[in-house]
Amino acid sequence: MKERYTVVDVETTGHSVTKGDRVIQIGAVVIEDGEIVETFASFVNPGKPIPPFIKDLTGISDETVATAPTFFEIIPELLSLFEESAFVAHNVDFDLSFLRKQVEHEGYQFPRMPVFDTVELSRILLPQQESYKLSHLAEHLGFSHDRPHQADSDAEVTAALFLKLIHTLKQLPVLTLQQLVPLVRKFKSDLEPVLSEMIHEKLNKGEDNEERFDCYRQLAIKRIPEGSSNVENTQTYSFSSYSQKLFAEEGTLQDAFTNYELRPGQRRMMKEVDYAFQLNEHLMIEAGTGTGKSLGYLVPAAFYAHEHQQPVIVSTQTIPLQEQLLTRDLPLLKTILPFSIDVTLLKGRSHYLCLRKFEQSLSTIDSDSYDVILTKALLLIWITETETGDVEELNLPSGGKGFWFEVQSDAASDLGRYNPWFQRCYYHRARRKAQKADLVITNHALLCTDIMNEQGLLPTYYYAVIDEAHHLEETASDHLGAKTDYFTFTYLIQRLGLDVEDEMLGYLYQLIEQYQLPSVKKDLPDLLGSLKEELDELFRMLHGFVLQKQKTSSSDVGRIRYRYQSYLEKDLVWQAILECSMRVHMIAKDCLVQLKRVLKTMQEMREDMTYQDRGFVADLDSVVQSLSEQEDILYDLLLEYDPNYVYWIEVEPRGAKNATFLFKKPIDVSDLLADHFFTKKKSVVLTSATLSVNGTFRYQEKRLGLTDFGVKTTIIPSPFSYMEQVRLLMPTDIPAIKEVGEEAFAEELSLKLWRMMEVSKGKMLVLFTSYDMLKQVYKHVKHLNEIGTYQIIGQGITSGSRAKLTKMFKQSEEAVLFGTSSFWEGIDLPGDELKTLVIVRLPFAPPDQPLLQAQYDKAKEDGRNPFMEISLPQAIIRFKQGFGRLIRTTHDRGCVFVFDRRISTTRYGKQFIRSLPDVPVYEDDLEALLEQFQDYM
């Protein structure tokens, strides 16, 4: 029998046939034996008006369908397409159920047939796609999709996608297909017969995948030759301190880069970094936007590493910058360098998949949710493609993110030499590559973990480049602090299980019996139950305590915060909290003592255990260790006190009664960084586009503990001509927020923004410092935008990640994007993607943040001025970050509006302007500014 698939797409007036919605267009493509043999397309007269929203989305109007046949008239032809066929659609639930209901509504019988959903299949077979929207998949896979949301065009693209997916499935090794079979039984798509056929064919042919796949223990993973480096060059070069010659003479440097045009700032930066490494000095280097700083430090770092056989660590704060280094800058480096260089990326351990845990997870699928089944299937495909095993490559379904915790690599459950996957382990492979590499790219989080724990996560190094260095203090503070919450405890207790029948406890009791081990007390499940009850009670009391102190602030995520000093709280409720945390401590210790005792015995006899039992013991040990660590943190946060730290609680006011989070952070990290990092390194280069305040580096030197190191500092200005490219505009007719209140300010701001949108017709980014203000303004502007002229995107309101919102903004013709904290930096919108930038308020951090409060208190105690020494420099650095969003290339032009009168009415306001590049500044009422500078918008 022929393989026959009918790929269908329908456009409709709405979502429900029973509520009177009808088909307005249908497209179908028939595939037989991998070839398109027939297509069908027709508009359909729905016998009712088409809603405006549908008309805008599809471009199909009442006129388009006026002379089209009715649905009843096309049913016979439609049903003939489905004979002995399977039904394929992108989001099959909708198209299939809508068609079935309308066919049956017209009195016909809809045939039963196998179904395939290309959304579901794309999720598992293309696990690295950013989005599974049809238009995004088409763009990524290179299919032409000229009329999205028109049924004939959508059906053709879905057919091309379906053929691609079936082809991808056929390329998979037999082992992967066999492992998929039990999983796909829970899918919407009827994949099992297709898989069985493919498996049968491959076994008959006796296919050999030795070269592409490493088949081991019933899993097929991509075969990776050990020691393959990212950046290779066949030229060899003999050194006689080539780099000194290269960086010393003007001509030589450019000659070396035959096929790359060096920017003047880049050349200067290369020299500075090279000198710092040669002379073993610490260096702070502010490189303005457009300097090309990545190559400015990568080239000298590569030369130094190669010449001296010393690894250089390159650390960034954000994943996007790491990706940029790997995909854009390193290939360029390869063409520049006259020698081969080994570069690798190393992240924190939880980024990597643990193959042992994943293998084990495949044996239990009965109780898994659909999202977890989907995640297991996509991981099976992904391990045949990935070389890194890094979760950042994946687009996990929301329910799959929780499952990742169960299969991520971690130190506690590492079986070491007992793990049959050890040689193939992604994390250990990344570490082995890092040990041999010349350049190791990592992130501040791992760098700080390595500094503080002295765990030797990174190879031994004495030279480092810290990019995005203005974030180092904050990351160090996070990693030197501690936090815990109710959900972490509940997750761990659930993993252990509260019943001898379920989860880990059940298996533990079996092993005790099987290996005749000293028994754990029978009351262990009861003890765990009591622990859970006491934790419930404790976190509920903390939640109530914070709400009762309601004068506290709300954080960016809408939580309420309360800063506490445990021994100073005089409240009766607090006494009850302390007593309850003592009970938690006693019960937890009792449970942990028992569990650790039996684990110790099991580890002593693991030579005699089966592989599966050893794996279980490792996983149990990992959960027990995590529970022990969390309990220590809880004890430390509530029952101990260190004056060098600040402690606070956050609660979700509208969340569950135990949605409570506890934190502590060091008030000052400068001494810790000085003693544990800068003293131990020969040369650290810190760079960013925003390190200086008013032309000096004093603020950052002090915060990072560099004051006593004689650190060298350099500012390399941006190559852009800000005098020509930018206008800094300060409307004088904006009220001061203190005088009129937040609500009136938000209304006035919304009207002004709306007026600017009318004038500019382009794209506008509006940066807020408060999420509450963003929400208010969004609501007003949305109201003004009734007829939907502009696309309005609000962070935290429009659903999606920062990357998704940015992409949405880029793809719109006329749009305004409202962003807070994370949009002040790291987003790149060159050319026409952004013409107008609005800074609503000078970005002073809210003074009620617990860490800042504590830093201000300490400054006051030391007789310093907290505003001038902490608040102002921080706000200026943030302001420079925001300003930097506008001009990204030499051809960009645009306006920056500042709607905060303090910039011109206060003495400190001038410092914000002085910290920017030379830029023309104009003050006037908004209308006058709009008239004068419309050509910049």
Side-chain angles (χ1 to χ4, degrees), residues 121-132 137 140-141 164-165 167-169 171-177 179-180 183 209-231 319-320 322-323 325-327 330-331 342-362 372 374-397 400-401 403-410 419-434 437 440-443 446:
L121 296 179
S122 299
R123 292 212 80 127
I124 65 160
L125 292 165
L126 306 172
Q128 304 192 44
Q129 288 294 325
E130 255 181 59
S131 151
Y132 295 99
L137 287 167
H140 198 88
L141 299 167
K164 155 91 181 149
L165 293 168
H167 177 72
T168 305
L169 209 50
Q171 302 306 305
L172 292 170
V174 161
L175 266 183
T176 305
L177 296 175
Q179 289 280 15
L180 279 172
L183 296 169
N209 285 315
E210 281 293 300
E211 279 178 25
R212 286 175 56 214
F213 303 109
D214 174 9
C215 296
Y216 180 67
R217 296 187 59 89
Q218 300 305 301
L219 286 183
I221 61 175
K222 181 171 180 175
R223 187 175 286 288
I224 309 159
E226 276 289 334
S228 66
S229 79
N230 306 41
V231 179
I319 287 162
Q322 282 185 356
E323 300 302 324
L325 290 177
L326 284 173
T327 55
L330 288 172
D342 216 343
V343 183
T344 194
L345 176 66
L346 185 62
K347 295 184 179 178
R349 189 160 189 162
S350 60
H351 282 267
Y352 300 95
L353 177 71
C354 169
L355 286 163
R356 176 186 71 76
K357 291 185 191 176
F358 177 55
E359 177 198 12
Q360 211 165 315
S361 79
L362 292 171
V372 169
L374 202 63
T375 306
K376 288 182 177 181
L378 72 84
L379 290 175
L380 275 172
I381 311 294
W382 177 60
I383 58 176
T384 66
E385 302 169 356
T386 182
E387 295 195 0
T388 64
D390 175 0
V391 68
E392 289 300 334
E393 293 177 2
L394 288 171
N395 184 346
L396 291 176
K401 295 187 173 88
F403 172 68
W404 180 264
F405 287 124
E406 294 178 29
V407 290
Q408 68 188 21
S409 180
D410 69 57
N419 180 2
W421 290 100
F422 183 75
Q423 284 308 315
R424 293 168 174 83
C425 164
Y426 293 116
Y427 171 68
H428 286 295
R429 182 183 270 153
R431 288 214 36 203
R432 286 197 295 274
K433 280 180 77 173
V440 179
I441 295 170
T442 187
N443 53 33
L446 185 64

A quick test of your reading: do over 12 heavy atoms of other residues, nucleotides or ligands sit less than 6.0 Å from CD of Q218? no
Got a sec, which residues hit ring pair (Phe, Tyr, Trp, His ring centres under 6.0 Å) with W382, two or more places apart in sequence or on another chain? none
Sub-3.5 Å donor-acceptor pair from the side chain of Y352 to the main-chain atoms of C425, do we have one? no
Working to the nearest 0.5 Å, report the span between CG of L378 and CG of N395. 8.5 Å
With a 3.5 Å distance limit and no angle check, can you tell me whether R431 reaches the backbone of L346 through a side-chain donor-acceptor pair? no
Side chains of E406 and S361: is there a donor and an acceptor less than 3.5 Å apart? no
So, using salt bridge (charged side-chain N to carboxylate O under 4.0 Å, His left out) as the criterion, who are the partners of R424 when residues are at least two apart? D214
With S131, which residues qualify under side chain to side chain donor-acceptor pair (under 3.5 Å), at least two apart? H136
Please check this pair: side chain of Q408 against backbone of H351, looking for a donor-acceptor N/O pair closer than 3.5 Å. no
Please list, chain by chain and in numerical order, all residues satisfying salt bridge (charged side-chain N to carboxylate O under 4.0 Å, His left out) with K357, sequence neighbours excluded. D410
Which value, rounded to the nearest 0.5 Å, describes the distance between L380 atom CG and L362 atom CG? 5.0 Å
Measuring from atom CG of L345 to atom CD of Q322, what distance do you get when rounded to the nearest 0.5 angstrom? 5.0 Å
With heavy-atom distances below 4.5 Å as the criterion, would you say the side chains of F213 and V174 are in contact? no
Should I124 and L374 count as side-chain neighbours, where that means a heavy-atom distance under 4.5 Å? yes
Supply the atom-to-atom distance T388 OG1 to K433 NZ, rounded to the nearest 0.5 angstrom. 9.0 Å
Under the side chain to side chain donor-acceptor pair (under 3.5 Å) test, residues paired with Q360 that sit two or more places apart: R356
For residues G400 and L396, report the shortest heavy-atom separation together with the two atoms involved. O-CD1, 4.1 Å
Do S122 and Q129 have side chains that get closer than 4.5 Å, going by heavy atoms? no
Not counting sequence neighbours, which residues clear salt bridge (charged side-chain N to carboxylate O under 4.0 Å, His left out) with E392? List them please. none
Those residues at least two apart in sequence (or on a different chain) that pass side chain to side chain donor-acceptor pair (under 3.5 Å) with N419 are none
Any pair counted as salt bridge (Lys or Arg N to Asp or Glu O under 4.0 Å), so long as it reaches residues 374-386, sequence neighbours left out: D368-K376
Can you tell which of T176, T384, I383 makes a side chain to side chain contact (heavy atoms under 4.5 Å, CB included) with I221? I383
Ring pair (Phe, Tyr, Trp, His ring centres under 6.0 Å) partners of F405, counting only residues at least two apart: none
Partner set under side chain to side chain donor-acceptor pair (under 3.5 Å) for R349, not counting sequence neighbours: S409, D414
Whether over 12 other heavy atoms sit under 6.0 Å from E323 CD: yes
For I441 and L330, what are the C-alpha separation, side-chain angles and deciding distance, and is it a side chain to side chain contact (heavy atoms under 4.5 Å, CB included)? CA-CA 11 Å; I441 295 170; L330 288 172; 3.8 Å; yes
The reported gap from NZ in K347 to CG in N443 (rounded to nearest 0.5 angstrom) is 7.5 Å
How would you list, by chain and number, every residue that makes a salt bridge (charged side-chain N to carboxylate O under 4.0 Å, His left out) with K401, sequence neighbours excluded? none
Could you measure the distance from the CG atom of L121 to the CD1 atom of I381? Nearest 0.5 Å is fine. 10.0 Å
What's the verdict on side chain to side chain contact (heavy atoms under 4.5 Å, CB included) for I224 and R429, showing C-alpha distance, side-chain angles and the deciding distance? CA-CA 10 Å; I224 309 159; R429 182 183 270 153; 3.0 Å; yes
Apply side chain to side chain contact (heavy atoms under 4.5 Å, CB included) to the pair R432 and Q423, showing each step before the final yes or no. CA-CA 10 Å; R432 286 197 295 274; Q423 284 308 315; 4.1 Å; yes
Ring pair (Phe, Tyr, Trp, His ring centres under 6.0 Å) against Y426, all qualifying residues, sequence neighbours excluded: none
